[in-house]
S.K.: 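Before I ask anything, here is the structure I am working with.
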There are 2 protein chains.
Amino acid sequence: MSDLPRPRKSDVARDRILAAARRIFSEEGYEGTTIRAIAATASINPAMVMRYYGSKEGLFAAVANLDFRVAPLAGVPVAELGEALVRHVMALWENPRDGVVLAAMMRASISNESARERIVAQFSEQIAGLFSAIGPTAAPAAPFIATQILGLAMARYIWRIPAIVALPKDLVVTRIGKTVQRYLTDISA
Amino acid sequence: MSDLPRPRKSDVARDRILAAARRIFSEEGYEGTTIRAIAATASINPAMVMRYYGSKEGLFAAVANLDFRVAPLAGVPVAELGEALVRHVMALWENPRDGVVLAAMMRASISNESARERIVAQFSEQIAGLFSAIGPTAAPAAPFIATQILGLAMARYIWRIPAIVALPKDLVVTRIGKTVQRYLTDISA
DNA sequence: GTCTATAATTCGATAGAC
DNA sequence: GTCTATCGAATTATAGAC
């Protein structure tokens with residue numbers, strides 16, 4: 001009855017491989033992840049992983065596509081952007097699917113040079129796009145905001161430093177949001 | 001003529017192993033580092049590395065000892081602590097020896113769970129020591145300051161994001177120093 | 001103390017039957 | 001499309017000669 005084509009069996013297999021790859025890359029980093037472990041998690045023969053994605057690098061490239069989904073932030077009044085940005089980033093990290101991808105990319109970018117280059121490029125591009133959408137005066141603030149946001153993500157979601165994990169989400173949004181807001185609007189803050 | 005005992009040959013070998021280990025762990029991460037690569041760099045037989053340090057984990061433990069050298073900061077007036085802390089951290093990272101150790105620990109902490117636990121514990125302990133030395137009112141600010149400082153270090157020294165590497169050091173000290181200062185003194189900043 | 005030789009695994013990737 | 005079998009290389013770690 002549906003107009004959608006019934007998913008081929010191989011598509012299902014591909015998706016299961018991708019889901020497993022996301023999770024294991026995010027937990028073990030690039031070198032720590034094995035094709036065999038991904039195949040086992042996906043209940044699929046390791047040779048099929050190679051057939052579908054060609055190589056370990058190819059599989060990672062299929063998983064690692066940075067998307068901050070910053071479009072909704074374009075409509076936020078400038079005066080509220082600081083908190084909105086922090087809240088958005090935290091929601092992204094705490095979303096099961098997005099958080100796993102972000103963690104995978106961060107981990108891989110730290111142990112693998114070619115992954116680092118691709119990810120830094122994607123990150124810089126998206127950040128530049130966001131801040132040029134906000135307005136030309138915001139651009140110089142971008143690198144400072146990036147350090148604050150990246151540090152929050154690393155400390156809370158990658159290293160899981162107890163004192164930082166323990167902070168209530170609302171308090172994080174308020175205080176770090178205020179810092180971001182100041183970078184954004186106070187020319188010398 | 002010196003009262004110091006002449007270094008035994010094995011001590012020289014140990015030091016060369018440690019120096020090589022620091023560099024390679026910092027560049028390749030834990031998984032990406034091999035005993036063989038360390039031995040080759042140190043011009044020493046791989047079996048000797050095992051003999052001296054027992055295992056790859058043992059060698060990493062000998063290298064990975066976090067020391068932020070925060071003692072000098074205790075004498076800084078509270079009003080200047082923000083900038084002083086940022087300047088101190090940047091000097092640490094840009095010092096060839098300390099920077100390599102910090103990078104090694106950060107990289108390893110991301111690909112190896114036991115390394116992560118040890119490093120997070122050491123980090124938390126030193127941060128807590130520093131802020132309790134500053135004063136009891138500073139303690140609640142510690143986690144926020146940690147996110148800002150960690151983010152700066154990751155972005156500038158690990159990911160080497162071009163827009164952030166390009167920032168003049170003085171500007172970083174001034175603006176991020178101001179953020180740290182505000183976390184420190186403004187109760188609700 | 002030093003080194004050779006190698007054990008025991010594990011990895012990514014491939015060949016080829018079905 | 002799927003899977004078995006395996007290759008070739010690399011890894012940590014050990015045994016034991018010198």
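Scope of the values below: all heavy atoms of this structure, side chains included, with no hydrogens, waters or symmetry mates. A, B, ... follow the sequence lines: proteins, then strands. Residue 1 opens every chain.
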S.K.: Would you tabulate the nitrogen or oxygen pairs shorter than 3.5 Å linking the protein to nucleotides 16-18 of chain D?
M.R.:
none

S.K.: Using only side-chain N and O atoms of B/Y52, determine if any of them is under 4.0 Å from OP1 or OP2 of C/dG1.
M.R.: no
S.K.: Taking for each residue the nucleotide of DNA chain C with the nearest heavy atom, is it A/T34 or A/G54 whose nucleotide lies nearer the 5' end?
M.R.: A/T34
S.K.: Looking at residues at least two apart in the chain, or sitting in another chain, which of them share a side-chain contact (heavy atoms from CB on, under 4.5 Å) with A/Q122?
M.R.: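 Once residues adjacent in sequence are excluded, the partners of A/Q122 under the side-chain contact (heavy atoms from CB on, under 4.5 Å) criterion are A/N65, A/L66, A/M105, A/R118.
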S.K.: Write out all pairs satisfying side chain to side chain donor-acceptor pair (under 3.5 Å) with one or both partners inside residues 15-25 of chain B, taking only residues at least two apart or from two chains.
M.R.: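 Counting only pairs at least two positions apart or across chains, no side chain to side chain donor-acceptor pair (under 3.5 Å) contact touches residues 15-25 of chain B.
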S.K.: Excluding sequence neighbours, so at least two apart, what forms ring-ring contact (aromatic ring centres under 6.0 Å, His included) with B/F131?
M.R.: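 Result, ring-ring contact (aromatic ring centres under 6.0 Å, His included) vs B/F131: none returned.
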S.K.: Mind checking what makes salt bridge (Lys or Arg N to Asp or Glu O under 4.0 Å) contact with B/E125, not counting sequence neighbours?
M.R.: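 B/E125 satisfies salt bridge (Lys or Arg N to Asp or Glu O under 4.0 Å) with no other residue.
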S.K.: Partners of B/V86 by side-chain contact (heavy atoms from CB on, under 4.5 Å), sequence neighbours excluded?
M.R.: B/M90, B/I149, B/L152, B/V172, B/V173, B/I176, B/V180
S.K.: Who passes salt bridge (Lys or Arg N to Asp or Glu O under 4.0 Å) against B/D67, sequence neighbours left out?
M.R.: B/R69
S.K.: Who are the side-chain contact (heavy atoms from CB on, under 4.5 Å) partners of A/R36, not counting sequence neighbours?
M.R.: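 A/R36 satisfies side-chain contact (heavy atoms from CB on, under 4.5 Å) with A/T34 only.
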S.K.: Give a yes or no on whether the backbone of B/F144 and the side-chain of B/T147 come within a donor-acceptor separation of less than 3.5 Å.
M.R.: yes
S.K.: Between C1' on D/dT11 and CD1 on B/I35, what's the gap in Å once rounded to a whole number?
M.R.: 10 Å
S.K.: So, does A/Y53 get its side chain near the phosphate of C/dG12, meaning an N or O under 4.0 Å from OP1 or OP2?
M.R.: no
S.K.: Can you list every ring-ring contact (aromatic ring centres under 6.0 Å, His included) pair that touches residues 54-87 of chain A, not counting sequence neighbours?
M.R.: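 Listed by first then second residue: A/F25-A/F60, A/Y30-A/F60, A/F68-A/F123.
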S.K.: Which protein N or O atoms sit under 3.5 Å from an N or O of nucleotides 3-7 of chain D?
M.R.:
{"from": "D/dT4", "atom 1": "OP2", "to": "A/N45", "atom 2": "ND2", "distance (Å)": "3.1"}

S.K.: Using a strict heavy-atom distance below 4.0 Å, which residues from residues 17-32 of chain B are in contact with DNA chain C?
M.R.: none
S.K.: Got a sec, which residues hit side-chain hydrogen bond (donor to acceptor under 3.5 Å, both in side chains) with A/Y157, two or more places apart in sequence or on another chain?
M.R.: A/E94
S.K.: With side chains defined as the heavy atoms from C-beta onward, is the minimum distance between A/K178 and B/Y183 less than 4.5 Å?
M.R.: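 The answer is no, as the side chains (C-beta and beyond) never meet within the 4.5 Å cut-off.
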S.K.: Just how far, in rounded Å, is C1' of C/dT9 from NZ of B/K56?
M.R.: 14 Å
